[in-house]
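All values below were derived from every heavy atom in this structure, side-chain atoms included, with hydrogens, water molecules and symmetry-related copies excluded.
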Amino acid sequence: MGFWRSVVATWFLLVVLWLLSSVVVADPLPPCEFPAIYNFGDSNSDTGGISAAFVPISAPYGEAFFHKPAGRDSDGRLIIDFIAERFKLPYLSAYLNSIGTNYRHGANFATGGSTIRRQNETIFEYGISPFALDMQIVQFDQFKARTTDLYNQVKSTPDAEKLPRVEEFSKALYTFDIGQNDLSVGFRKMSSDQLRAAVPDIVNQLASAVQHLYEQGGRAFWIHNTGPIGCLPVNLFYVSNPAPGYLDEHGCVKAQNEMAIEFNSKLKERIVRLKAELPEAAITYVDVYSAKYGLISNAKNLGFADPLKVCCGYHVNFDHIWCGNKGKVNDSVVYGASCKDPSVFISWDGVHYSQAANQWVADHTQNGSLTDPPIPVTQACRRM
């Protein structure tokens, strides 16, 4: 009986193992192999465009990582830099930067101050870039056509190593981070009702850009929504004794965040329709708002300083010397210097996030926990 009991037990174990093996989830899909990234946006993802076009961003910008100004409105890397790192690709060269550029693995068309809709004002008035999203798309078209032509001329020479391959445009990842400045302009120039009425058109223009890139062969799109603009410290610089209800429980301008939420809701609805309109596209909506607001609302527990405090610049009462600039306060020259430890600050200069905050947001969006569909950026080529 002992022998047969052993045989039965062995048989039973084998059956159990077979049943378990039949329900084990298959190995996850291999990561997407994006040969290049093409980015469109504003200062949240500008890696040198506005510096190349106008006055270069000065020190102490870039001090935490590049150890010098690097065309970025931060002390270090931006979210787009962390996306490039995730794919082991070089940081994106700005399309407008004509010196020392390498476009083998993509290009960045974002410029600080860019909007989705064209604005009738100059960069010298309110910092609005002349390179709205439609112009960035025109630049992409020109980039694609000219680099393709140039590659065919130099493909057997070392110069070809700095140029994209024509067949790789359809395999690239197309990323968007834009819309915040459309809301900023709206807060300045429109009533709440007027801005709310304009949001569908703003969102539709972003959708038109995606459609155009799709027609040009693009298939994988990673689209950030806009962040909690009411939590940017700059929006509180000239506010004293706010009325009850003006600020939320975390000190952010409530109405501005509500408008950002409205924008994001319309954007998400439009992306749902885009997926039906562009059947071969893999489009991922990325909820950057939730990541940023989660960081701001839980800053202390996460080891960060007061999220409404600014690292770089002099901001005391109503005297404001911007990061890297000099100015006079009570007849004394004051320099807008960096704080001692930028790594514990969320806001770098009152408008833009620190490298530490950008990395936190990148970590909490690129893993797929705040995306629709819920996939990591490494799977952004998959249609769900």
Side-chain angles (χ1 to χ4, degrees), residues 32-42 45-54 71 80-81 83-84 87 89-119 123 129-178 204-224 274 277-283 380-381:
C32 302
E33 295 185 6
F34 293 118
I37 300 171
Y38 293 99
N39 182 67
F40 304 85
D42 53 32
S45 60
D46 180 3
T47 56
I50 210 69
S51 276
F54 295 100
I80 188 64
D81 293 315
I83 291 177
F87 290 107
L89 293 175
Y91 299 131
L92 295 185
S93 292
Y95 167 75
L96 294 172
N97 193 354
S98 60
I99 302 171
T101 52
N102 187 325
Y103 297 117
R104 176 67 187 86
H105 297 289
N108 193 353
F109 299 88
T111 57
S114 284
T115 51
I116 295 173
R117 296 205 302 185
R118 292 187 191 182
Q119 304 299 321
I123 194 167
S129 169
F131 306 107
L133 182 57
D134 63 341
M135 292 308 302
Q136 294 182 26
I137 296 299
V138 169
Q139 291 171 341
F140 170 82
D141 288 346
Q142 182 177 199
F143 173 88
K144 183 181 178 186
R146 295 186 67 183
T147 55
T148 298
D149 182 57
L150 185 58
Y151 179 76
N152 289 331
Q153 296 177 38
V154 302
K155 58 185 175 184
S156 58
T157 74
D159 290 336
E161 290 307 308
K162 293 185 178 181
L163 297 172
R165 306 294 186 263
V166 63
E167 68 273 11
E168 292 180 351
F169 282 99
S170 63
K171 302 173 183 176
L173 177 64
Y174 293 83
T175 55
F176 288 81
D177 193 331
I178 193 166
N204 278 331
Q205 290 198 32
L206 194 158
S208 294
V210 174
Q211 288 171 321
H212 181 88
L213 293 173
Y214 180 85
E215 291 165 2
Q216 290 292 311
R219 290 296 180 265
F221 300 92
W222 184 262
I223 304 174
H224 288 185
L274 264 182
E277 295 163 3
L278 310 178
E280 295 181 16
I283 307 176
C381 64

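Atom CZ of Arg118 and atom CG of Leu133 lie 11.0 Å apart (nearest 0.5 Å). Here Ile37 contributes atom CD1 and His105 contributes atom NE2; the two are 10.5 Å apart, rounded to the nearest 0.5 Å.
The aromatic rings of Phe140 and Phe40 lie perpendicular to each other, with more than 60° between the two planes, well past the 30° mark. Taking the six-membered ring where tryptophan is involved, the planes of Tyr103 and Phe143 are perpendicular, since the angle between them exceeds 60° and thus also 30°.
Counting all heavy atoms, side chain and backbone alike, Glu277 lies closest to Gln211 at OE1-NE2, 3.1 Å. Shortest non-hydrogen contact noted between Ala380 and Ala282 is O-CB, 3.5 Å. Across Ser45 and Asn39, no two heavy atoms sit closer than the pair OG-ND2, 2.9 Å. The nearest pair of heavy atoms linking Ala209 to Phe176 is CB-CE2, 4.2 Å. Ile123 and Ser129 get closest at one heavy-atom pair: CD1-CA, 4.4 Å. Counting all heavy atoms, side chain and backbone alike, Gly106 lies closest to Ala36 at N-CB, 3.7 Å.
With a 4.5 Å cut-off on side-chain heavy atoms, Gln205 and Asp134 do not count as touching. A heavy-atom distance below 4.5 Å is not found between the side chains of Trp222 and Ile283. Using a 4.5 Å cut-off on side-chain heavy atoms (C-beta onward), Gln136 and Ser114 make contact. Taking 4.5 Å as the limit, every side-chain heavy atom of Thr147 sits out of range of all side-chain heavy atoms of Leu150. Using a 4.5 Å heavy-atom threshold, the side chains of Thr175 and Leu173 count as touching. Residues Thr115 and Asp42 have side chains not in contact (no heavy-atom distance under 4.5 Å, counting atoms from C-beta outward). The shortest distance between side-chain heavy atoms of Pro35 and Phe87 does not fall below 4.5 Å. Side chains of Asp159 and Gln153 form no contact here, defined as non-hydrogen atoms less than 4.5 Å apart.
No side-chain donor from either of Asn102 and Ser93 sits under 3.5 Å from a side-chain acceptor of the other.
The backbone N or O of Leu92 sits less than 3.5 Å from a side-chain atom of Thr47, completing a donor-acceptor pair. Between the side chain of Asp46 and the backbone N or O of Ile50 there is at least one donor-acceptor pair closer than 3.5 Å. Of the possible polar contacts, none joining the Glu280 side chain to the Leu278 backbone as a donor-acceptor pair under 3.5 Å is found. Here the side chain of Arg165 pairs a donor or acceptor atom with the backbone of Leu163 at under 3.5 angstrom. Looking at Asn108, its side chain never comes within 3.5 Å of a backbone N or O of Ala94 through a donor-acceptor pair.
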| request: Carefully, step by step, assess Glu33 and Lys171 under the rule side-chain contact (heavy atoms from CB on, under 4.5 Å). | output: CA-CA 8 Å; Glu33 295 185 6; Lys171 302 173 183 176; over 6 Å; no
| task | Decide yes or no on ring pair (Phe, Tyr, Trp, His ring centres under 6.0 Å) for Tyr38 and Phe169, but give the supporting numbers first. | result | CA-CA 9 Å; Tyr38 293 99; Phe169 282 99; 5.3 Å; yes
| Checking side-chain contact (heavy atoms from CB on, under 4.5 Å) for the pair Gln142/Val138: CA distance, chi angles, key distance, verdict? | CA-CA 6 Å; Gln142 182 177 199; Val138 169; 5.6 Å; no
| request: Give the intermediate values and the outcome of side-chain contact (heavy atoms from CB on, under 4.5 Å) for residues Leu213 and Phe221. | output: CA-CA 9 Å; Leu213 293 173; Phe221 300 92; 3.8 Å; yes
| request: Could you check Glu215 against Arg219 for salt bridge (Lys or Arg N to Asp or Glu O under 4.0 Å), going step by step and ending with a plain yes or no? | output: CA-CA 9 Å; Glu215 291 165 2; Arg219 290 296 180 265; over 6 Å; no
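Surrounding CD of Glu167 are more than 12 heavy atoms belonging to other residues, nucleotides or ligands, all under 6.0 Å away. No more than 12 heavy atoms of other residues, nucleotides or ligands shown are found within 6.0 angstrom of NZ on Lys162.
Glu168 has a carboxylate O that lies under 4.0 Å from a charged side-chain N of Arg104, or vice versa, which qualifies the two as a salt bridge.
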